[in-house]
Each structure stands twice: as C-alpha cells, then as structure tokens.
Protein chains: 2
Amino acid sequence: MSAEATTTQREPGRAAPDGARASRQHTLRERNLRLVAREVFSPSGAGTTAPEAAPAVTPPPSRADVAAATGLTRATVSTLVDRLVRGGLVAELPPVAAQRAGRPAVPLVPAARTVVGLGIEVNVDYLGVRALDLAGERVADVVEQGTFHDSDPAVVLARLGEHAARVVARLEAEGMRVAGARLALPGLVDTRTGELEVAPNLGWSALDPVALLGLDDLPVEVANEAKLAALAELAGDVPPSFLYVSGDVGVGAGIVVERQLFLGERGWNGEIGHVVVDPAGPRCSCGAAGCLEQYAGKEVLLRAAGLPADASPGDLLAALEGGDGAAREALHRAGRALGSALADLVNLVGVSTVVLGGVYTELVPWLRGDVVDVLGERVLAAPFVDLDLRAARAGERAALDGGAREVLREVVADPAVWV
Amino acid sequence: MSAEATTTQREPGRAAPDGARASRQHTLRERNLRLVAREVFSPSGAGTTAPEAAPAVTPPPSRADVAAATGLTRATVSTLVDRLVRGGLVAELPPVAAQRAGRPAVPLVPAARTVVGLGIEVNVDYLGVRALDLAGERVADVVEQGTFHDSDPAVVLARLGEHAARVVARLEAEGMRVAGARLALPGLVDTRTGELEVAPNLGWSALDPVALLGLDDLPVEVANEAKLAALAELAGDVPPSFLYVSGDVGVGAGIVVERQLFLGERGWNGEIGHVVVDPAGPRCSCGAAGCLEQYAGKEVLLRAAGLPADASPGDLLAALEGGDGAAREALHRAGRALGSALADLVNLVGVSTVVLGGVYTELVPWLRGDVVDVLGERVLAAPFVDLDLRAARAGERAALDGGAREVLREVVADPAVWV
DNA sequence: CGCAATAGTTCAGCCATACAACAAACAGCC
DNA sequence: GGCTGTTTGTTGTATGGCTGAACTATTGCG
C-alpha cells in the first residue's frame, strides 16, 4: 500500500458517505424520501395500533403509519409518497376498511414490474441472468448450463452479455426500467476498480469483466459470488448481522453487518477457505498447508466419502443416509475443520450467526454436531452469546438473487434519482 | 441470539444511523456544522492554491478554504464557523499576510483547552487517567502503578473514579468542559450494555464497571483496551483502514475501517489470541490447543527466551541484541505463529495494513522477517496488494490516548450539542 | 342521523441555505 | 502614494422544504 496522496477517493458503487458533502434544502428532500421509501419497503411498524406482540408479517403501512414511524408530518409524508408513487417505486392498494372507526387507510406497497434489478453470473457450470422487481418477484430467469472451467473469458462474458441484453430488451418492452446489474464471479474481485484478479476455477485472471460483457447503457458492478449469495439471505428471516459461508470447490464467506456487506478495503475478505486448520495437514493449491478447503472443500469432501469428484451433493446425502461409513467419517472430519475455521471467523469478526450455504446447505444436519462442538470450545464469547448455526434459506443460484436485490437496495436507498 | 422483537435498538454510544430519523431544517444545520468542523479538524486541503504535491502537513484552513472544500458558500460557512468559535470548538489565529494579493485569511484551528476528552484505564499493572483537548494536547495525565491481578473491582474502580473526578474538577476549575470518558479494560466488554463479561488477567467477571466508577455527571463508555489503543494510531500517519495487534499477556486486535473501529455485533471481535496456529500445539488457558497466545503471548515469549515471566520487553530486547540463541529462537517461533494468525485475520477481514503494538512494538525488527514470510505464503490477495507491516507509533498507555481521542471524535462528529 | 375518530390535503410561517452585492485588507505598479 | 486587481469575510434578499393548524373525506357506533 503505497502512501498515495489521493484524497479519500470515492468507491464507485458504494453508498457515498453522505455526511461528506454540503447539505442544501435539496438534500433534505432526498433524505426524507429515502426514509419514507425505507419505511414502505421494510416497515418498522412503529405506528400501528397494536404495540403488543408484533405479528410475524407487518401489514403494508399507510401514509399515516409512515408519518408516525418516521416522525415526519402527514403533510410531508403525503408529498413524498406521491412522488414515489408517480416515480413508480411505490404502489397504492385499494383502501380496505379497517375494523375501527375513521377513514380507511391506503396501504402502500413496493411497486411491481416497474423498476427491476439484474443479477448475472458466470460460474463453473452455468451462466445465469435473473431479474427481480421491487416487490421481490422474479420477472426473468435465464440459465445456460455448461462447463466453463478453463474457458475463454471474452467469449463467455460476451455470451452472458447477450443473454442479459435480451432480458433487458424484453423487460423494457414491457415497460420496466432496469436499474442496473451485479455480476457475480467465483473469484477475487477488486470492488474499487471492478477488475477480476483471479478466478481459479474458471482459469481466469487479470481482466475487466464489465467491459467484456458489452452492456453499454447498463451500470454493471462486479462482486464475489459468495458475497452476493450472502445478501440473498436477507430476503428471509435472518438477523441483521450474520456470516454466510458457501461451500463449493472453494469455500468463501460473506460478512453481513447491519444488512450490509462488509467488504474490507477492496472486497478481498471472507477468504475462509484458506484459514489454517492444521499446519501439518495436506498441502493446498494455494501453496500453504492444512487450509480449510483441504478438509471441507466440495471435491475433497466427495473424494473422502469415496464418491467421484463430479458427484452431486444429493449423491453424498444418499450415501450418508444409507449409513456409508466413509461418508460419515468425511463429514465428521469436515465438520471439525469447519468448526475450527468458523471459530476463528467468529472470534475475529464478532458476529454470532452463521449461515451455511452452497453444498453445505443440505449437509447441515450432518455437520451441525461437530461444528457446534468446536465452536463451543474455541469461540471466546461462547458463554455469553447464543451461537446460531443454520442452513441457507435462499435456493439455487442464490448469487443471482443477491445481486438483483443489491441493485434494488440501492434504488430504495437513493430514490431521488428515480422519481 | 433469541429473535427479540425489538425494533433496531440503538446502541448507546455509537454514531446514530442518521438516515433513520426525520430531517428538518435543523438537521441541515447540524450536518453542515459537522461538515465544517470536520474540515477544520482534518483538512482535506481541496481549496488551497497549490494542487500539486500536497505538503506533509496541511496549513490551517480559512473560512474561504472550508467553503471551497465543502461546496458551501462563504456566507454559510461564516455563520457556521462563528457558531463553532463561540461554542469553543474552533479558534481563530491572527490573520497572517500570505504572499499573494488579497485580504489575508483567518486561519482556523481546533480550540485549545476548551473541550476535553478523558481516557481512563484499569490494567494489570496500573490505573490511568489522561485528558486531551481538541488540539490534541495532553492537559492531564495521572498514572498509579500497582498490581491489580485478582483485585477487587469495586475498590479498584472506585479508586480510578476518584482519580478521574479530581482531574475533572481541576480541568473545570480552569474553565474546560469535559465531554465524556472512555474506560479501557483488558477484557471482553459488551459495547451495547457496557458490561464487562470477563477480564482474565484482572480476575474480574460479570460486572458493570461504569456504575462502580461513581462518576455521576460524566458520560462514560467502556471498551476493550486493545481496541482503544488501535484508535490512538489515528493520531499519526496511518492509512484509514488497518489492523492493530497488541501483544501483552493476551493478544488482542482492533479492526479500524475508514478511521472507525469495526466492532461486529457487540464489540467482541479481534480476538486473535485464540486463533488456531496448530491444533497439535500446547494447551491454552481457554481450553483449546495451539492458540496464538501459546506462541506469541508475552509470558510464553519470555519463558521461551529463558527469561522470568515478569521480565520487561527491554530485557528481551537486550537478550536478542546480545545474540541469545533461545531468545532468537523464541522470536522466530512467535513470528511464524503471528504470521499465521495474521494471515487468517487479513484473509477474513480484508485489510492489508497491520500495526503491531504492545510488547510487539519494539520487537518488530525481530519479528518482521518471519511474519512477512508467512503472510506472503498464506494471504490469498498477497500478489495484488502491498502488505504493510509496521510498529505502533503511539507511546505508552496508548489506550488512554485512544479513549480520549474517541470522545473528542464524537464531539467533532456532532458539534451541534456543544455550540 | 349525528358524533367521534382516523386518513389525507391545503395553506401560511419559518428556517437554513444560495446568490449577489458590498466592505475590508492586502500586493503590485506606475 | 494612490490606483487597480484580488481575495476574504459580511451583509442583504430570494427560495425550497418542512411544520403546524385548519380543513375535507370516509368510516363505525349509538
């Protein structure tokens, strides 16, 4: 890190540190617009009638609810909501007569099929494009199976770009606006420059993937696949901070704090796959020895279970349920190693919820015992927190959902651009 | 972590997520006041005449400089600066005639001896109270040597409270306002509740240290000692994000991102002392085996070097420089272990600058080689970043400085309360 | 059917900023 | 030494966005 004299160079896609610029009246409106949008998209339910036992799913808030929850006056909320409605970010449902007296409220919900976010991905065995609207509905989903190990990045990314362009064209023809796209890649991505440094399982290195996509009018940002998959969990019922660990050929992690990805300096973090489990252990492809991947990586796991390297997690699960000794021993070994590496992660990052994704998702019942044991032994704060280990909720190709959601999160976080 | 239905409970001392409340005109003023204060306290130097090669130390900015740097008009900056001056946060220096034409500018600097922050600390071998003013000057410094291993927390904390109260009384008699205090403790502190869960080296556990201080009118917050020491580094020339690792009886780390402490969920992070170095290694007091502390903890290090457990770092340094084989072998062993644990930290957190503090500070020349070697082997992003390993700059009892600085940082971040 | 209650809208007042004009203080220049 | 040009800091006036209170709209209840 050379001591460059750059003055806090702003990162491209990150939320601008918004205390850093002058605030004028215009800023006031932007901020309150954001506040109102946030309240519609994830209601805190502070203003509703029943303050006791909040229901599992909060009903859509009305203008009055938003006013009560935010502290703004009903007058201000009205004008802001009107803007959001005209801008197509928020929709009004037909007023439904409540049980109590008074004029019935107009429920406000995220608008469907107006603004959408795109998640796109190149992985070892598929290309994918997925679009989500603000209501969270999947409005496009294209997957091309294939084998992209040692492929030509220019060819593959151009092909993915074509898929994406077709999806964009179709959605725009239906009247939707595409806010942007997130490209998920299984490798080390510099979030500041958008460059892919290396993706071992694709055999790619040192290239600018956004340029190769050939999507000119669409703002595209790149991120690591496991990190975007972590964000997909936010659609479900997770705490605001958690660690997401995705098992695949490699093992990667996403650190989510207060519903936002923690990226370190350049997005090069969460590399749990090469955490030390045992320096006397097997050599790893990274050059070191005893890395987590040598115990809990997908291929290592399958091989240790006596299955071919291209077997599916389902095959492994079948072997486990069939009582296969080698398979169970492999899971035991992987579970202890995973517990050890996760303990380091929890001790260092200080987040106590761990979500296991990727191939681990279905294996959680077989991993839990060992992982929890080791966590209990090695996590220093274990006596004071409830360590929570759970399986990922998001389905297949979670990075696509996570990427699309991330685009939409930025739309909601800065609605002024869209109204 | 029980799924409590609390609605984003705000943490006491943390900067409130300020997009979460309604913005009125008053908010506008607060935010611009903060912006102006920040510009006076750490000038970005965007508005000065010479945009070429920024000098090592930026000269104090004038109102016009602040206007240029922030984008506010000179009129607005003037009123805001006047408020800060009247509030005693900012002082005007006598106008100095610049070399160029035009009315000479009034340099604006942090005010001296007006508002101060307190750092207070209980550690194994001393109690301390230190006060810093906004200009960074030490305006009080009280240290009581002692042995507080297995001490009575009520007695010791009351005694520290008395020291602090005396300092506060003296400073207030001199016309200064004490903005608050940070209590540094060598243990696991819950930053949400302010409770100390456990401090092994003091033999303390499960108590509320702030209540025991008996400082009624002073807002006091508690934090881990190593983390506050990390903040002390910000006084020097460090990058905005770095990892601070403090070697003592235990080994702790502070993660600083964009000049702010990263605290995870409850401040229980950076526990690098119990990262796995070798599961076949020596048993650790934490119950596990092969933790970093068993290789690079202060007492282990001294014993391995053939010195008594109460020897000083200076003794160790003398042995090293005298060519003592056991000492050098101990440092080699510690360096490799530290490198391994640091590699995990860097891989997981994604910050590439590491500052070594505590007893490591003076040992850096003897540790560097091994640490850098192992980091190069194990850090995945090593080919793409310059890993920067350096010795801590802050002097003795850095946590006191860090605590005081943290209090003042909050004053500058929210000057509206003080004008 | 009238009253209380709740939702949403309209309009005057206020506050902090922008913009523009001005006063203050200097260097340089003939 | 006085004039000009330049930069700093301070006065006004205008404007945008929010508040607060009054107002309309729509329901339940007796």
Side-chain angles (χ1 to χ4, degrees), chain A residues 21-36 40 47-50 59-86 90 92-108 415-416 419, chain B residues 21-36 40 47-50 59-86 90 92-108 415-416 419:
Chain A
R21 259 190 296 269
S23 301
R24 30 208 112 239
Q25 279 92 324
H26 188 251
T27 315
L28 220 58
R29 200 193 53 183
E30 274 178 26
R31 292 171 52 81
N32 284 332
L33 207 53
R34 171 183 326 175
L35 189 64
V36 169
V40 172
T48 48
T49 40
S62 66
R63 287 172 171 79
D65 292 333
V66 172
T70 57
L72 293 165
T73 61
R74 295 202 307 269
T76 308
V77 169
S78 252
T79 62
L80 294 175
V81 165
D82 287 350
R83 263 180 229 266
L84 291 175
V85 170
R86 272 202 302 278
V90 166
E92 297 177 312
L93 294 184
V96 53
Q99 302 307 66
R100 62 174 188 277
R103 173 174 168 176
V106 179
L108 301 171
V419 299
Chain B
R21 259 190 296 268
S23 301
R24 28 205 118 244
Q25 278 91 328
H26 187 250
T27 316
L28 216 59
R29 200 193 54 184
E30 274 178 26
R31 292 170 53 81
N32 284 333
L33 206 54
R34 170 183 326 174
L35 188 65
V36 169
V40 172
T48 49
T49 39
S62 66
R63 288 171 171 79
D65 290 333
V66 173
T70 59
L72 295 164
T73 61
R74 294 201 308 266
T76 306
V77 169
S78 251
T79 62
L80 294 175
V81 165
D82 288 349
R83 263 181 228 266
L84 292 174
V85 170
R86 272 201 303 277
V90 166
E92 296 177 313
L93 293 184
V96 53
Q99 302 307 66
R100 63 173 188 278
R103 172 174 170 176
V106 179
L108 301 171
V419 298

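Just so we're on the same page: letters track the sequence lines, and every chain starts at 1. Source: prediction; values computed, not measured. Only this structure's heavy atoms are used, side chains among them; waters, hydrogens and symmetry mates stay out.
- Taking side-chain N and O atoms only, A:R29 has a distance below 4.0 Å to OP1 or OP2 of D:dG17.
- In this structure, CG of B:L93 is placed 16 Å from C1' of D:dT8, rounded to the nearest angstrom.
- As rounded to whole Å, 16 Å separates atom C1' of C:dT17 from atom CD of B:E30.
- Taking both residues in full, the closest heavy atoms of B:P94 and B:P107 are given as O-CD, 3.8 Å, listed atom of the first, atom of the second, then distance.
- Which of D:dG5, D:dG9, D:dG28 sits closest to the side chain of A:A101 comes down to D:dG28.
- Side chains of A:E92 and A:L108 form a contact here, defined as non-hydrogen atoms less than 4.5 Å apart.
- Considering only heavy atoms from C-beta on, B:T73 comes within 4.5 Å of B:T76 through its side chain.
- The side-chain heavy atoms of B:V96 and B:P104, taken from C-beta on, include no pair separated by under 4.5 Å.
- If you find the closest nucleotide of DNA chain D to A:R103 and to A:H26, the one lying nearer the 5' end belongs to A:H26.
- Remark: A:N32 is not in phosphate contact with D:dG17, judged by side-chain N or O atoms under 4.0 Å from OP1 or OP2.
- Straight-line distance from the CZ atom of A:R63 to the P atom of D:dT24: 20 Å, rounded to whole Å.
- Under the 4.5 Å side-chain criterion, counting only non-hydrogen atoms from C-beta, A:P95 is in contact with A:V106.
- For residues 72-84 of chain B, proximity to DNA chain D is found at B:R74, B:A75, B:S78, defined as any non-hydrogen atom under 4.0 angstrom from a strand atom.
- The residue among A:P104 and A:L28 whose nearest nucleotide of DNA chain D lies closer to the 5′ end is A:L28.
- Phosphate proximity of C:dT17 to A:R24: absent, as no side-chain N or O sits under 4.0 Å from OP1 or OP2.
- At a threshold of 4.5 Å between non-hydrogen side-chain atoms, the residues A:T70 and B:R21 do not count as touching.
- For the pair B:R100 and D:dT8, the criterion of a side-chain N or O lying under 4.0 Å from OP1 or OP2 is met.
- Map A:Q25 and A:P107 each onto its nearest nucleotide of DNA chain C; the residue landing nearer the 5' end is A:P107.
- Note on A:D82 versus A:R63: salt bridge recorded, some NZ/NE/NH1/NH2 to OD/OE distance being below 4.0 Å.
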